[in-house]
Amino acid sequence: MNLYKYVSEAINNKLGFEAKLDVPKNRDFGDFSTNAAMVGAKNAGKNPRELANEYLPLLKELDFVADVSIAGPGFINIKIKDDFILQNATAPKQMVSEKPLTIDMDYGAYNVAKSLHIGHLRTSIVGDTFNRITKFLGHKTFSWNHIGDWGKPMGLIIAWIERLHPELPYFQNDFDPSKPVDYEIDEKELNNYYPQASALSKTDSVFQARAQEIKAKFQAGHPGYFALYEKFLAISLRTMNNTVKRLNILPFDYDLGERNAAKYLEPVEKILREKNMIVEDDGAQIINVKRDTDNAPIPPYMWRDSRGADTYDSTDLAAVYCRKLKDNPDTIIYFTDLRQSLHFEQLFRAADMAGIYPYDKFEHIGYGTINGKDGKPFKTRDGNAAGLDDIIDIANEAVSARVAESGKKLDSETIKTIALAAVKFNDLLHDVKSDYIFDPSSITSFEGKTGPYILYTAVRLNSVLKRAGAQISKPEQFELSTEERNLLIEIMDFERTILSAYENRATDMIANYAYDLCQLTNNFYHNCPILRDDIPENIKAGRLYIAKLAFDTLATAIDLMGLKIPDEM
RNA sequence: GCGCCCAUGGCUCAAUUGGAUAGAGCAACAGAUUUCUAAUCUGUGGGUUGCAGGUUCGAGUCCUGCUGGGCGCGCCA
């Protein structure tokens, strides 16, 4: 049961108006409070406490109310009956939305032939958790991995391979796509090609020009380049798949990126031309998206660069067109780096002006940077920009060391599970918008507010439940201890939290909730022994029931965060 | 220069979107295990919420101005 919702509706019915219900920061005040008397006092021409006094008898009539009182300037504090809590607490279940929406989510955005870097971490983790939450609430989602598989890097990589192996048939005029080519690319080598080529292009203008030429021919359908591209694309897709598995995120509904979007450039251009939106400027074709009301200059949207090539701007707009056709979503949400805000503002305006998709149905959730302890973007010990694998490796090493130190013996799968939880929970814990500091040494400690703490709590509960073995059913009335009561109330707050996390696009809410739930659980665990001989049967049954509810609730939260509960730790 | 974002104990972060005595974790110190996993639990100290005004019953939260920091501003994605 969503206790907040239940109580709120009952109170509104009783009072005959919408009273804003709060959960007091200080639990000593009560389970709920409302400032209705303070808000209404002015209109009623009464002082708040006086008005509150008029509401009291009505609220006392509600059958779940144990106590109502007035405090401070006119707050009404409400305490719920223990037995009502015990009898109505339930573990969360997949919900059915009254107004199910179709939502397109764009996250991940992995690149072909470029290993994933630390920036991919947040888009993957936050996007995935938001996707899971949205599904849990009963909405329909489509996740899009908008792969970078069409732009300048493709030209650079092909040019680089040409430089290494100019004799390959891909580069000959008589290339025949039907004949197999005896050439295999090593995955590790492939990951080096782009950085190497990119570096060279900055110092060697001949090579740079060659890469640009190749990019243009490639996009125009050059058969040799395309065959080579297909070869390294296949390797990259496999790598991406491994990443998805390694991060334990849901498989994408679409692994379709720029190349797919490029197919829709033609119909989009037709629309843009009909509306006279494309303007020639300085050799490039641009779309003017500025408005009179802007208080800052908004640069134009680049439809085609001065060499006539597709751009990030054009494929992104075409991608919107494609999604509208395929999914017809109520909303399109992008999870990317905060620094791309201006790009998305431009995209949303362009799409709106073209009548492809309305401005106010787009959302861009920009996340901050993951920094090192020095406050600058996180780097590995050797001073390089950290790759996604580096982060996971660092966490794995730390967990291994911690386990060895404790004398426990855990298999490598369990260690990986714990390490991933450390990284993901830490990421989810922070407000998406703000930068955060990734400190490997605090990951090493695993004390307190960490992923391992969350998992440990679940493992402990699970251990008791397994040991108990007995059938667990709703107990008869028994006197709740403070720990039992607080835990049950938190369990009944799950739905409100998830809804709030969804509405605010704030995945950190679920991480913070999971932590609070764990604290209360460990409190309960410590103070309320279950399987001890001196515990009366009725209390034993009651505590087992509460432990089961806590476990199921925690397990749901853990699942929504994309973590896994190990068997032991 | 213009625009967006941020500033909360020594450190890292919260604060139900305007509510009551600003909460957690780390670090420090003191304690708890004949008992279901001590990666746990309990306690202590630590704050003029960057500065100055304003709005109101009430401000960390909203408005204005400063100071300090991050980011962005046409052919990268």
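Chain letters run A, B, ... following the sequence lines, proteins first and then strands; every chain starts at 1.
- At the heavy-atom level, A:Lys373 lies nowhere under 4.0 Å from the strands shown.
- In B:U33 the base sits anti relative to the sugar, since the glycosidic angle is further than 90° from 0.
- Taking the ring centre of A:Phe32 as origin, the terminal cationic atom of A:Arg496 falls outside the region bounded by 6.0 Å and 45° from the ring axis.
- Taking every nucleotide of RNA chain B with any atom under 4.0 Å from a non-hydrogen atom of chain A, the first and last of them, 5' to 3', are B:C2 to B:A77.
- Residue A:Thr311 is classed as having no contact, given no heavy-atom separation below 4.0 Å to the nucleic acid.
- For B:G74, the O4'-C1' to base torsion is within 90° of 0; the nucleotide is therefore syn.
- Using a 4.0 Å heavy-atom cutoff across all strands shown, A:Asp281 reaches at least one base atom of the nucleic acid.
- The same atom, C1', is picked in B:G54 and in B:C71; the two are 30 Å apart, to the nearest Å.
- Mapped onto RNA chain B by nearest heavy atom, A:Phe32 and A:Ile418 fall at different nucleotides, with A:Phe32 at the one closer to the 5' end.
- Annotation: cation-pi geometry not satisfied between A:Arg402 and A:Phe446 (NZ/CZ under 6.0 angstrom from ring centroid, within 45° of ring axis).
- Projected onto RNA chain B by closest heavy-atom contact, A:Asn35 and A:Val464 fall at different nucleotides, the more 5' of which corresponds to A:Asn35.
- For the C1' atoms, the distance from B:G23 to B:U16 is 13 Å, rounded to whole Å.
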Are A:Tyr334 and A:Phe344 close enough, and set up right, to give a ring-ring contact (aromatic ring centres under 6.0 Å, His included), and what steps lead you there? CA-CA 9 Å; A:Tyr334 296 81; A:Phe344 284 105; 4.6 Å; yes
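- The aromatic ring centres of A:Tyr229 and A:Phe218 sit less than 6.0 Å apart.
- A ring-centre distance under 6.0 Å is found for A:Tyr453 and A:Tyr515.
- By the 6.0 Å and 45° rule, A:Arg505 stacks over the aromatic ring of A:Tyr502.
- B:G3 is paired with B:C71 under the criterion used here, namely a Watson-Crick or G-U wobble arrangement in which both key atom distances are under 3.5 Å.
- Within 4.0 Å (heavy atoms only), A:Asp28 reaches no atom of the nucleic acid at all.
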